[in-house]
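All remarks here apply to the structure that follows.
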2 protein chains.
Amino acid sequence: MTPMKTTGTDCQYEMIAAQDALELIQGRWRIPIVLSIVYGNKRFGEIRRAVSNISPKMLSQELKALEENKIIIRQLYDTMPITVEYSLTPLGASMRQLLVELLNWGTSFRKALIDKNH
Amino acid sequence: MTPMKTTGTDCQYEMIAAQDALELIQGRWRIPIVLSIVYGNKRFGEIRRAVSNISPKMLSQELKALEENKIIIRQLYDTMPITVEYSLTPLGASMRQLLVELLNWGTSFRKALIDKNH
DNA sequence: CCGAATCCTGTTTGATACTG
DNA sequence: CAGTATCAAACAGGATTCGG
């Protein structure tokens, strides 16, 4: 399959791939969470501080979903008190290029909007 | 700004860029809609057929949002009956690389999940 | 053909307080 | 520290009907 083929009318395959990816990426929190882990393993509280305004409930819930989708790994260390560390799987790490493009585009999108409003 | 810098602790700028982008991209429909227009202008009914299972209400609503965010342009032709054509703005067209990465990743994500389930 | 308007439902999200 | 529990609010999405 060649992504973004130029034939035009038929883009069913692209649609499916896009919707697969979107199903995981969706929501306000998952991308920021992955982004906060991409530089190195992080603990619950660290992620919480990096992703501002996320409630513990949402963070817990989204981390669980990401783990189920094999994007991140949860490592429990039986210290006192308990510590937990999250890291990316290879699949999660393979999101890097996508994240780069998202950040690039997000930056130009923000600039474009600001320019228009003044 | 260098995207994905490797310093580690501080990624506030990246977070903001990501959340800007996400705000627009979010939801099940917007990316598929943009994807359906990226190959060339399309009319309402054409988009509706390309993005399977979308209701006219959601399509109308999401098109409006995309127009307000300067991603697409709505062109009204005063024929009989009326025809409407949607096309990408330069800002919309600049999503191309992001879409490519999304499709690439979506494909490998799907493959990874299938492999694990068998 | 291209939507707009209305109503309705379930899911998602959030604030807050609490636990091992 | 790393989460759960609970309750309320917000929102996404569908069905249907209507109009230019």
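Chain letters run A, B, ... following the sequence lines, proteins first and then strands; every chain starts at 1.
Rounded to an integer number of Å, the gap from B:Met80 CE to C:dC1 C1' is 10 Å. Remark: P of D:dC1 and CG of A:Leu63 are 15 Å apart, rounded to the nearest angstrom. Atom CG of B:Leu76 and atom P of C:dA4 are 12 Å apart (whole Å). A straight line from CZ of B:Arg49 to C1' of C:dG3 spans 15 Å, rounded to a whole angstrom. Separating the CG atom of B:Asp78 from the P atom of C:dG3 is a distance of 13 Å, rounded to the nearest angstrom. One interatomic measurement links the two molecules: CD1 of B:Ile33 to P of C:dG3, which rounds to 12 Å at whole-angstrom precision. In this structure, B:Glu23 places its CD atom 12 Å from P of D:dC11, rounding to the nearest Å. What separates CD of B:Gln75 from C1' of C:dC2 is a distance of 15 Å, to the nearest Å.
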Side-chain donor-acceptor pairs under 3.5 Å in residues 46-56 of chain A, sequence neighbours left out?
from, atom 1, to, atom 2, distance (Å)
A:Glu46, OE1, A:Arg43, N, 2.8
A:Ser55, OG, A:Met58, N, 3.3

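Side-chain atoms of A:Lys42 never come within 3.5 Å of backbone atoms of A:Glu85 as a donor-acceptor pair (strictly under, hydrogens ignored). The main-chain N or O of A:Ala17 is never found under 3.5 Å from a side-chain atom of B:Thr107 such that the two would form a donor-acceptor pair.
The side chain of B:Phe44 has C:dC2 as its nearest neighbour among C:dC2, D:dC1, C:dA4. Minimum atom distance to the side chain of A:Arg74 is reached by D:dA2, of the listed D:dT4, D:dA2, C:dC2.
Checked options B:Asn41, B:Leu66, B:Ile72; the residue passing with B:Leu88 is B:Ile72 (criterion: side chain to side chain contact (heavy atoms under 4.5 Å, CB included)).
Backbone-only contact: A:Tyr86 has heavy atoms under 4.0 Å from sugar-phosphate atoms and none from a base.
For the helix from C:dC1-D:dG20 to C:dG20-D:dC1, the axis fitted to the five pairs at one end and the axis fitted to the five pairs at the other end meet at an angle of 50° (nearest 10 degrees).
A:Glu62 and A:Arg30 are joined by a salt bridge, as a carboxylate oxygen and a charged side-chain nitrogen come within less than 4.0 angstrom of each other.
Contact annotation: B:Ser60 reaches the phosphate of C:dA4 (side-chain N/O to OP1 or OP2, under 4.0 Å). Contact annotation: B:Arg43 side-chain N/O to C:dC1 OP1/OP2 distance is not under 4.0 Å.
Not counting sequence neighbours, the partners of B:Arg28 by the side chain to side chain contact (heavy atoms under 4.5 Å, CB included) test are A:Gln26. Applying the ring pair (Phe, Tyr, Trp, His ring centres under 6.0 Å) test to A:Tyr86 and every residue at least two apart in sequence or in another chain returns nothing.
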> Do B:Arg110 and A:Ile16 pass the side chain to side chain contact (heavy atoms under 4.5 Å, CB included) test, and can you show the C-alpha distance, the side-chain angles, and the key distance before you say yes or no?
Replying inline: CA-CA 10 Å; B:Arg110 163 168 273 241; A:Ile16 292 174; 3.9 Å; yes
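Positionally, the nearest nucleotide of DNA chain D for A:Gly45 lies more toward the 5' end than for the other of A:Gly45 and A:Gln26.
Residue pairs satisfying the side chain to side chain donor-acceptor pair (under 3.5 Å) criterion with at least one member in residues 75-84 of chain A, sequence neighbours excluded, are listed as follows: A:Thr79-A:Thr83.
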>> For nucleotides 8-20 of chain C, give me one character per nucleotide, 5' to 3': B if any protein heavy atom sits under 4.0 Å from the base, S if the only such contacts are to the sugar-phosphate, - if neither.
In response: -----BBB-----
